Structures are given as structure tokens and as C-alpha cells.
Amino acid sequence: MYSPENEDKIDEYITHYPVKRSAILPALHIAQIEHGYVTDDDVKYLAQRLDMRVNEVEEVVTFYSMYSRKPIGKYKLQVCRTISCNIAGCEKISAHITDKLGIKVNETTPDGKFTLQEVECLGYCDLAPVLQVNFDYHEQITLARTDEIIETLK
Amino acid sequence: MTKVLTSRFDLKGEACDIDVYLKTGGYEALNKVLKEFTPDQVIDEVKKSALRGRGGAGFPTGMKWGFVPKQSARPKYVVCNADESEPGTGKDRDLMRWDPHLLLEGMAIAAYALNGAPNNYIYIRGEYWYIIDILEKAIAQAKERGYLGKNILGTDFECNIFVHPGAGAYICGEETALLESLEGKRGHPRLKPPFPAVVGLYGGPTVVNNVETLTAVPWIINNGGEAYKALGTEKSGGTKLFTVSGHVNKPGNYEVPMGYPMRDLINNECGGVRTGHTLKGVIPGGSSMPIFTPEEVEKATMDYESIASLGSMLGSGGVIVLDETVDMFEMCMNTIHFYKHESCGWCTPCREGTRWLYKVCERMKKYEGKSGDIELLDDLAGKILGKSFCALGDAAAMPTQAMIKKFRPDFEKRIKHNFVQLTAAD
Ligand SMILES: Cc1cc2nc3c(=O)[nH]c(=O)nc-3n(C[C@H](O)[C@H](O)[C@H](O)COP(=O)(O)O)c2cc1C
Ligand code: SF4
Ligand code: FES
């Protein structure tokens, strides 16, 4: 289902715990890295691989905010909206991305490249405002820097 | 000032390499413990140090370790809480990315103190993906050199550490929700008691400790519990790493002794309140904690007792500094949004209460608050406080009540009737 390297990673994760099911969170991250979101097939496949029921996997996927059950953009632009970023002007960053890409929060560009999200505290409050693109952090972000980042990904 | 936690921060990541870590005194404490200490002696040393948990609750660490039964039919576990999601907090991030071996060493010592815990976990928030890499590399190096794995330093002590990524849920920082999540389930908190020290991960006795708590342990072993305690105050031993964010000239992570004046932290370490501006309030321990007025800031010292005596809590040590440009109603609404979003939905007061609070805020934001809305917010918060299944409910209620009490004019403006009057008078 996944690249041999990622299949190995899942196998390796399973060895870390006394029960297979414990590997579900890392395995779902891997599924998402491969497919961009958690597909129906991912759910079925991981259920079978980790001795879980399909609904048990669904239950987990829907609880955690980093997983998506629907297709989203190749690049998730995640603007932190919480207190320290709020007073550092994160709303302007969001608004700027909206203008630039023509998408509102939780929307994806028609080419499937970018999704804009507003997320809660990313643990970089001392370096606010923060933009996380997929797993990459960009701290003390400015409008100009936001433009640069988006241009390099276009 | 003595650096217990941040002595390798200036190396900006070079200490991720085990050779650099060893050259700067790394793994000496583990060596010492294995050669000279019984598990109980380790616990005694930590008790003497007056080290208290840095995850938020400030529970005495030595005492927590002492609760774990020495013999147990099920395996024991040390679980490091690296979920770091309390708004205002980014200290565990730097501890892990600048000095990962220090955490591994602290965990190994904790596992030894429990009289053996062969498999242990670092539960790290999924957003810190790049730090997982750093930790896994450090673990592999430590294993290769015989500081982790089987037969550590030629003894029969075994300690493995695995890194487990979370996936975006503040509630998984709550220790029992964390254990549920680690077992592959939704992160709903468990009923306490039994406490994790008795029935924890996979039913085994489990110590859950914050990253910063565990990273303080090697210094305590190397220098003695008394010496650690002497760095801080009688009841709050040692130093603490504070994340200072918001309106200061130099935000960042600063390690200072417990009992350090809050004013000095802001003025000396952080270069003062943003130039040209005046202080309006400070949240002392992450967004869950009641805010201080400038008068309270003058009185506060950075230790558990002082902050508590002024009616707030040291929490995670996330210090958020707010200047006069800030509208406290907006801060309150932003905070409520966070807890509404992060409520796990398990119990009614928190799930419904946070939504209702937010609803009231929504009309107030448009300056359309009804008369009585401020009292309604306060009353709703009071109905969540102490009546929720876990402390997340309290974390939503406490800051709301404090902001209303201390910055009421910012809320009054949002009531429609008042707004009309105010503008008419202008
Ligand atoms: C809603 C909630 C969130 C929490 N988040 C964290 C967290 O992100 N990191 C942490 O170390 N402790 C967090 N805690 C505290 C833990 O439940 C637990 O007390 C702590 O990990 C124990 O470690 P310590 O004794 O070393 O502080 C949280 C508690 C609650 C109620
Ligand atoms: S207080 Fe909130 S977070 Fe805690 S169990 Fe209840 S609903 Fe869940
Ligand atoms: S508030 Fe944005 S990173 Fe913490």
C-alpha cells in the first residue's frame, strides 16, 4: 500500500508497543504523507494491519486535528490564531493569504496546491506570528516572507 | 546564574551529537546512578531537590516517583509528556531540539528509580515533526554507545525509549488522555483515582513527567538535591525555563532561579515592555491561568507559592505580556475559542459551556452584547469551574473570570446599550 520504506516504518512502530493498535497515530501520519489525506482505503488497510475495527480507526482519525478525511491541498498553510500570535498580527497574515490565493480559511485553491487553515497554538509563541507549511515552521513571519514562501511553492 | 537546563543552548544544536554531549559532562549522572545509587536513593535525592513537575500542576517529582510500587506484575513505564500545547509555551521545544540527550539521560535515570522500566515513551505533539527526527537520532546514538538499550554501561539495567507522535489535540497533554492516546484511542481523560503511578499505560504503573522536569534530573544527581533546591526557594527548588511571549522587546526562553522577580524577568531578560508602550497585564503560566494586573506583576516572584498567593498559577511557565494596545475582551474571546476547540467533548459542562461562552462573545464582538452578558459570561464560567471531568474545563473558566474581574471596562464597551452611550458622549 505504501512505499517499502514507509511500510518498514509501520512495521518498526509496531515493535515499539505491546499492542499493535498503539501504532495507529504514527501510521495515520504516514498514510497522510503518502496520500495527502486519510483515504477510505487507508482506513481499511490500517484497520487490518493493526488489528483494529474500521470504526475504531475512524474514531481516532476524526478526533485528532492533524488528520483530514477529505482531500486537501498539497501544501497546508497553517496560520496560528492563538493568543500570542493574535497580538503579533496573525489575522493580517491570514487575510493576506486569502487575498493572494483567493481562498478563505479551510478552502483549497482550484489547482489543489494550497489549503489555508487557522490552527491553535503551535508551540512557537515566543517567535510569533507563526506559519507552518505541512511540517515546516516559519517563525516571526511577515507579509513579505509569506509571499516568498508561497512563491517558492507555486 | 546557574544553568541547569540550558547550559548547552548556546551550542545551537551541536549537543545533539553525542560526542559533544559527552564532552560537556553528558551521561555522567546516569553513570553515577548505576554505580553508586539504589533506586530509592535516586528518589530521595529528587525529593531533597524540591523539584516540582513543570507540566502545569507542580506536583513534587520525588513523591510521584515514590508512589510507584517497586514490584509489579505488569511492566512499569516512564512516559515523557512532550505534548507542549499550552498557549504561551515553547520551552520543551528548545530543550529537545538543543539538548535531546539531556532528556534521554533524565528518562533513563527515572526508569532506574522505578526499579526498572524497560520500555518508555516520549509523547511529542505531532507538529514538532522535525524534533522527532532529532530525538530518534539521539536515541540511536545513545544505544550504539551503550547508554540506552540492554545492559547499559555493562550492568543488567535495560532502558529503551521510543518517540510517539501525537496528532493535534491539546487534551492529550492531560496525562491520562495522553495514555489513552498512546494506547491508540481517542484522547479522552480517565477517571482518577487510580492515578497513573498505580494503574497507567497498558495497566502498568506509570510515571508521566514533563520534558523540563526530566531534564532537571541529571543536574540534581551530579550536584545533589540540596544544591538544586538552594538555587530556588524553600518549596520551589531549582531553576525554571520560562517562555516569554507578547509585547516585550526580546521574547524568548529564559532560565531563571525560582523566586526571581517577575518584573526583572520582563525588564532584564526580555529588555522590557515593547518600547513606547505601557504594561496592561501579564498571564503568568500559559493561557489557562488567571491574568495579573501591573500592580500584581510588581509583587510577583517566579515560583509556585508567590504566583498562587496572588491568585494565579505558575502552570507551564508560559508568560504572556500584554501592553496597553490590547483589548482584554478580544484576549478573552481568543482564549475561549481555544478551549472550545480543544474540549474533548466528554463531559457536558466543558463541551456545552465553552460553546455557550463563545456564543455570547460572538455578539459582544460586534458590540451587540445584551445587558447582563458580562454577568452571563462570569456565571457560565462559574458553572464549568470545578464541575468538569478534567482540568481543561477549569482552564477555560479561570482566565475568563479573571479577565472580567480585572479588566471590566473592556467588556462593558461591548454591551450595545453602553456602546451607544459612549459614542454619544464623544
Ligand atoms: C488540559 C491539560 C493539558 C495539559 N497539557 C500538558 C502538556 O502539554 N505538557 C505537560 O507536560 N503537561 C500537561 N498537562 C499536565 C499533565 O496532566 C501532567 O500533570 C504532567 O504531564 C505531569 O508531569 P510533571 O509532574 O512533570 O509536571 C496538562 C494538563 C491538562 C489538564
Ligand atoms: S473537561 Fe472538557 S476536556 Fe476534560 S473531559 Fe470534560 S469535555 Fe473533555
Ligand atoms: S500562540 Fe501561536 S504559536 Fe503559540
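Since we're looking at a predicted model, the values are computed, not measured.
For the pair A/Y124 and B/S245, the minimum side-chain heavy-atom distance is 4.5 Å or more. Between A/N86 and B/M331 the shortest side-chain heavy-atom distance falls below 4.5 Å. You'll find the side chain of A/C125 stays beyond 4.5 Å of the side chain of B/I320, heavy atoms only.
Proximity to chain B involves both the backbone and the side chain of A/E59, based on heavy atoms less than 4.5 angstrom apart. For B/Y254, no part lies under 4.5 angstrom from a heavy atom of chain A. Interface remark: B/V248 contributes no atoms to any contact with chain A (heavy atom separation under 4.5 Å). For B/E330, no part sits under 4.5 Å from any heavy atom of chain A, backbone or side chain. Both the backbone and the side chain of B/F338 have a heavy atom closer than 4.5 Å to some heavy atom of chain A. For B/D323, no part lies near chain A; criterion is any non-hydrogen pair under 4.5 Å. In this structure, chain B has no heavy atom under 4.5 Å from any part of A/L28. Contact annotation for B/Y123: only side-chain heavy atoms (C-beta onward) come within less than 4.5 Å of a heavy atom of chain A. In this structure, chain A has a heavy atom under 4.5 Å from the backbone of B/T89, while its side chain stays farther away.
Between chain B and the options A/S84, A/A23, A/C121, the largest number of non-hydrogen pairs under 4.5 Å is found for A/C121. Among B/G90, B/C172, B/P165, the residue with the largest count of heavy-atom pairs under 4.5 Å with chain A is B/P165. When each of B/H188, B/H164, B/E84, B/K250 is scored by its heavy-atom pairs under 4.5 Å with chain A, the top score falls to B/H164. Ranked by heavy-atom pairs shorter than 4.5 Å toward chain A, the options B/E86, B/R93, B/H247, B/E183 are led by B/R93. For chain A, the option among B/S85, B/C344, B/S181, B/G246 with the highest count of heavy-atom pairs below 4.5 Å is B/S181. The candidate from A/K20, A/R21, A/E56 with the greatest count of non-hydrogen atom pairs under 4.5 Å with chain B is A/R21. Interface summary for chain A: among B/G345, B/G318, B/A167, B/P251, the most heavy-atom pairs under 4.5 angstrom belong to B/A167. Options B/V326, B/I171, B/L182 differ in how many heavy-atom pairs under 4.5 Å they form with chain A, and the most are formed by B/L182.
Other residues, nucleotides and ligands contribute only 12 or fewer heavy atoms inside 6.0 Å of the CD atom of A/E91. By the neighbour-count criterion of 12 heavy atoms within 6.0 Å, atom NZ of B/K12 is densely surrounded, having more than that number from other residues, nucleotides or ligands. Atom NZ of A/K9 has 12 or fewer heavy atoms from other residues, nucleotides or ligands within 6.0 Å. Counting non-hydrogen atoms of neighbouring residues, nucleotides and ligands closer than 6.0 angstrom, the CD atom of A/E5 reaches no more than 12 such neighbours. Heavy-atom contacts from other residues, nucleotides or ligands closer than 6.0 Å to CZ of B/R74 number 12 or fewer.
Rounded to the nearest 0.5 angstrom, B/N334 CG and A/I87 CD1 are separated by 9.5 Å. Rounding to the nearest 0.5 Å places CG of A/D126 at 12.0 Å from NZ of B/K91. Distance check, rounded to the nearest 0.5 Å: CD1 of A/I83 to NE2 of B/H337 gives 13.5 Å. In this structure, the separation between OH on A/Y17 and CG on B/L201 is 10.0 Å, given to the nearest 0.5 Å. Summarising the geometry, atom CZ belonging to A/F63 is positioned 12.5 Å from atom NZ belonging to B/K185; distances are rounded to the nearest 0.5 Å.
The closest donor-acceptor contact from the side chain of B/Y121 to the backbone of A/H16 lies under 3.5 Å. Here the side chain of A/S65 pairs a donor or acceptor atom with the backbone of B/G168 at under 3.5 angstrom. Using a distance-only test at 3.5 Å, with no hydrogens or angles considered, no donor-acceptor pair links the side chain of A/E120 to the main chain of B/H341. With hydrogens and angles disregarded, a donor-acceptor distance shorter than 3.5 Å links the side chain of B/Y128 to the backbone of A/G123.
Across all non-hydrogen atoms, the minimal contact from A/Y13 to B/V163 is CE2-O, 3.8 Å. Of all heavy-atom pairs between A/L122 and B/R125, the closest is C-NH1, 3.4 Å.
Taking the six-membered ring where the residue is Trp, B/W129 and A/F135 present parallel rings, their angle staying beneath 30° rather than reaching 60°.
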